[in-house]
There are 2 protein chains.
Amino acid sequence: MAKREQVEGVSAGEISDEALDLIATRFRVLGEPNRLKLIRALEGGELSVSGLIEATGLTQANASRHLQTLTQSGILGRRRDGTSVIYHIADPGIFRLCELVCGSVQTLLARHASAFTSN
Amino acid sequence: MAKREQVEGVSAGEISDEALDLIATRFRVLGEPNRLKLIRALEGGELSVSGLIEATGLTQANASRHLQTLTQSGILGRRRDGTSVIYHIADPGIFRLCELVCGSVQTLLARHASAFTSN
DNA sequence: CAACAATATGCGCAATTGCTCATGAAAGTT
DNA sequence: AACTTTCATGAGCAATTGCGCATATTGTTG
């Protein structure tokens with residue numbers, strides 16, 4: 001165990017600590033390149049696991065695990081079709097999220113870049 | 001080493017893989033409850049490290065590390081004032097991000113809740 | 001400069017995570 | 001029922017991460 005923080009001085013917050021945990025979990029699920037790859041592959045529409053494997057280059061086992069993570073967190077949805085399982089994006093809000101992060105990252109990169117050129 | 005994926009079948013993507021890595025990193029930085037706590041504490045305005053410690057209940061060393069992470073990723077900014085260091089939110093886009101995630105989490109929770117009540 | 005206050009950091013540890021390999025489980029085909 | 005295809009999962013491993021403790025660093029004050 002490596003967690004032992006004071007449980008004091010909380011107060012003043014619109015968001016409870018449990019909510020914070022949920023939000024953090026959400027972010028953490030999205031904080032994995034291969035999972036983002038899977039999401040990106042599903043932007044164009046639903047795909048089977050093998051389709052996703054082909055699109056992303058991931059290992060079958062690895063893809064399956066990430067897909068499980070994404071599905072459990074409500075980001076993706078699944079549907080059976082014969083022997084294959086078809087995944088789709090269940091929470092379109094993801095797109096706006098990624099857009100926002102893209103924006104932030106770009107401005108960040110721009111700032112870093114200008115640190116080389118200007119000054 | 002535990003990373004060895006095919007580097008094939010990429011194609012078809014508006015977002016490059018490097019960009020995906022950056023975005024993932026961004027998400028991962030936000031995927032930590034204590035870091036979100038720090039951000040939340042800074043919503044009302046800038047605070048020194050000791051102020052943040054008091055507001056969040058984090059250990060000094062721990063807070064310092066998380067603040068470093070947040071600053072390096074461009075989310076927070078720092079400023080010296082005598083012996084203390086004042087942190088502030090440098091990327092306001094964070095707020096919209098959190099709002100969005102809040103929304104997603106809420107609908108997710110609602111769905112889970114309805115799984116108990118309705119059926 | 002000495003002493004002090006505020007913050008950062010090296011180090012080691014325990015927990016988590018992402019991966020591969022092998023195997024299990026579900027559905028379709030003959 | 002045996003076989004195949006498609007996907008999920010248990011086991012083990014290496015890397016990462018979050019933490020506390022102690023210590024270094026930086027700035028202030030006497």
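Sequence lines set the chain letters: A, B, ... in the order given, protein chains first and strands last, and positions in each chain run from 1.
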With sugar-phosphate meaning primed atoms plus P, OP1 and OP2, does A:Gln68 contact a base, only sugar-phosphate, or nothing at under 4.0 Å between heavy atoms? sugar-phosphate
Below 4.0 Å: OP1/OP2 of C:dT7 and any side-chain N or O of B:Arg78: no
Just N and O in the side chain of A:Arg28: are any of them under 4.0 Å from OP1 or OP2 of C:dT17? yes
Less than 4.0 Å between a side-chain N and a carboxylate O, is that true for A:Asp21 and B:Lys37? no
Strictly below 4.0 Å: does B:Ser50 bring a side-chain N or O up to OP1 or OP2 of C:dT7? yes
Measure the shortest side-chain to side-chain distance between B:Leu38 and B:Leu70 over non-hydrogen atoms and say whether it is less than 4.5 angstrom. yes
Is the phosphate of D:dC19 approached by B:Asn34 (side-chain N or O, under 4.0 Å from OP1 or OP2)? yes
OP1 or OP2 of D:dA8 under 4.0 Å from side-chain N/O of A:Tyr87: yes
Looking only at N and O atoms, is any donor in the side chain of B:Arg35 or the base of D:dG18 less than 3.5 Å from an acceptor on the other one? no
Summarise protein proximity over nucleotides 24-30 of chain C in one line of letters, 5' to 3': B for base, S for sugar-phosphate only, - for none, counting protein heavy atoms closer than 4.0 Å. ---BS--
Would you give me the side-chain donor-acceptor pairs under 3.5 Å for residues 87-101 of chain B, sequence neighbours excluded?
| from | atom 1 | to | atom 2 | distance (Å) |
| --- | --- | --- | --- | --- |
| B:Asp91 | OD1 | B:Gly93 | N | 2.9 |
| B:Asp91 | OD2 | A:Ser104 | OG | 2.8 |
| B:Asp91 | OD2 | B:Arg26 | NH2 | 2.3 |

Less than 4.0 angstrom between a side-chain N/O of A:His66 and OP1 or OP2 of C:dC19, yes or no? yes
Going by heavy atoms in the side chains, are B:His66 and B:Glu32 under 4.5 Å from each other? yes
Let me know the distance between CD of A:Gln60 and P of D:dT9, rounded to the nearest Å. 11 Å
Contacts of B:Gln72 that satisfy side-chain hydrogen bond (donor to acceptor under 3.5 Å, both in side chains) - sequence neighbours left out: none
NA contact type, A:Ser84, heavy-atom cut-off 4.0 Å: base, sugar-phosphate, or nothing? sugar-phosphate
Please tell me if B:Asn62 has a side-chain N or O lying less than 4.0 Å from either OP1 or OP2 of D:dC19. yes
